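Since we're looking at a predicted model, the values are computed, not measured.
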Amino acid sequence: MYKNILQNIDHIAIWPVISFVIFFVFFIGLLVWVFTADKNFMNEMSQKPLHDGSELNSDTESLMQ
Amino acid sequence: MELEKIHYDNKIVKAFIIATIIFGIVGMTVGLLAAIQLFYPLANFDLQYTTFGRIRPLHTNAVIFAFVGNAMFAGIYYSLQRLLKTRMFNDSLSWIHFWGWQLIILAAAITLPLGLTTSKEYAELEWPIDIAIALIWVVFGINMIGTIIKRREQHMYVAIWFYIATFVTVAVLHIVNSFEMPVTFFKSYSWYAGVQDALVQWWYGHNAVAFFLTTPFLGIMYYFLPKAANRPVYSYRLSIIHFWSLIFIYIWAGPHHLLYTALPEWAQSLGVVFSIMLIAPSWGGMLNGLFTLRGAWDRVREDAVLKFMVVAVTAYGMATLEGPLLSLKNVNAITHYTDWIVAHVHVGGLGWNGFLIFGMIYWLIPRMWNTKLYSSKLANLHFWIGTLGIVFYALPMYIGGVVQSLMWKEFAADGFLKYQNFLETTTQILPMYMLRAVGGTLYLTGVLIMTYNLIKTAASGKFVANEEAEVAPLPKAIHDGGHWHSVLERKPILFTSLALVAILIGGIIEMVPTFLIKSNIPTIASVKPYTPLELHGRDIYIREGV
């Protein structure tokens, strides 16, 4: 029965509009945030893999000979 | 601030690495056998269990879920602990995950040669194994989310977002795609049929590539590449854009596997448009990886780890440009169903996944055994022989693909197809198949060299099962506020939910109309449900993988 209801929705044409709006808002929001974000926080985060408290991992040179 | 002493669990990482190498060798050997069968049919061994139709899915399952899967877990278990400054949530769960996954692989290795298969691409395993996969995946998820919750880091680093997206999306894909009706313990029929079956299959298939072969390895790239280069990530801003746009867009691209089929036009077009858009986040990620090496390029010349990683990231860039181009309808008309596609996936598999895994393992083993790599020369030899292997694999397949495509579409003067027998194209490209097997042999030889090198390395050191680290405890009062994404990075559950929403949107918008609106489902009046005899025939085709 629910199938019949959905088959006859008058406004099914709104699907593409909805998808476009979701898409547009999502990316604009993302870009706005990313370019207004705090620089120090960004720098701190980009360093994360380099400090893990273990001596085995904190050597600066590769262990390759 | 007082530092706490904790121990990272290296033993579980070691287990996953060993499984990676063993199943890598097995999976690639089976692939090589299948490649040889295409020009030397006697390699079928005259046994039903080793015919091409049965060992091809064995090869794909072994390299994707056993080789790449185990490597993914090794990379995640290693980096997650260190990025969150805590041991894994629960050691027992880690080991249930490990052994459960290996048992699933064993079940696949037995059932696929026996012809027990659903015949759904990358989801061939029968329903009892499907259930086991779902359970073990949940164990992995609980262990990961539990680790994130007990972390000593306020913020989750970008690699962890990719791990989270991997977990939730693969769970959704696997469950939705695997709806099936069991008839016996080893036989089931899919819930889906016709165009809906096709749409679900390629929504799954494409996103298995996206969320099993890509996102976890982007996480691994974001952790291990800065580690190996000893440089911070080039741009954390870019990584945020990379993550959200990649997971949001990827999920829509599945229908590009169904161009020129009964799938409604609008769904085909959506698939194409989103595939083209995918170039942006994919290349954003690739450039972020390559630029992380700024100031370290001199070391790329010396260090095999970095060499492997650079070629891996470059192969990622090539495959993610090629993929969107292949999804254009005019390009697709030339390449679809040909060996071009086989070349395309192997640039991704051998180049991106394989080389990133080798780079990661060469970096990990000396550290986990607290020693130096046994031989840099052999590692460099592996790098060159592997690179050559990729070239020898891909180029002949590209040429063979174009030859096939042109021959299939060649018309004679009387208006009929010039080459009416499929075998004519096959015999025409036999030399290409032989060269491809040479490429595969080179690549596999490289892996064997690596295995020898790593065994010697491990023998020269002492395995550090529990690696000691001194870390600061997480301050009790976490300050509120800050920008919304930094708030998100402190709230793993909310983050996971939002990632889930991002990946559900595309699937829902494509599937709901196709499932519910009659005009979207092409039907032919003369097509009736299968008779018992037809169904039996279909079962035979499925069993033999043809």
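To the nearest 0.5 Å, atom CE of residue A:Met42 and atom OG of residue B:Ser235 are 8.0 Å apart. Rounding to the nearest 0.5 Å places CG of A:Asp52 at 6.5 Å from OH of B:Tyr78. Here the NZ-OG distance, from A:Lys48 to B:Ser79, works out to 14.0 Å after rounding to the nearest 0.5 Å. Rounded to the nearest 0.5 Å, atoms CG (B:Asn288) and OG (A:Ser46) are 9.5 Å apart. Note: A:Ile22 CD1 to B:Ile505 CD1 = 4.5 Å, rounded to the nearest 0.5 Å. Taken to the nearest 0.5 Å, the CD1 atom of B:Ile249 stands 4.0 Å off from the CZ atom of A:Phe27.
Note on ring orientation: taking the six-membered ring where Trp is involved, the planes of B:Phe248 and A:Phe26 are parallel (angle under 30°, cut-offs 30° and 60°).
Side-chain atoms of B:Lys85 come within 3.5 Å of backbone N or O of A:His51 as a donor-acceptor pair. Side chain of B:Lys227 to main chain of A:Pro49: a donor-acceptor pair is present (N/O by atom type, distance under 3.5 Å, no hydrogens or angles). B:Tyr236 places no side-chain N or O within 3.5 Å of a backbone atom of A:Lys39 that could act as its donor or acceptor partner. When atom types are taken as modelled, the side chain of B:Arg237 and the backbone of A:Leu31 share no donor-acceptor pair closer than 3.5 angstrom.
Remark: B:Tyr234 OH is loosely packed, at most 12 non-hydrogen atoms of other residues, nucleotides or ligands lying under 6.0 Å away. The environment of CZ in B:Arg301 is sparse: at most 12 heavy-atom neighbours from other residues, nucleotides or ligands sit within 6.0 Å.
For B:Glu153, the part sitting under 4.5 Å from any heavy atom of chain A is the side chain, from C-beta outward, and nothing else. Heavy atoms of B:Trp369 lying under 4.5 Å from chain A are absent altogether. Only the side chain of B:Met277 comes within less than 4.5 Å of a heavy atom of chain A; its backbone N, CA, C and O stay farther away.
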Audit row: B:Phe243, A:Leu30, side chain to side chain contact (heavy atoms under 4.5 Å, CB included) steps and yes/no: CA-CA 11 Å; B:Phe243 173 77; A:Leu30 185 64; over 6 Å; no

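In this structure the side chain of B:Pro232 never reaches within 4.5 angstrom of the side chain of A:Asn43, judged on heavy atoms.
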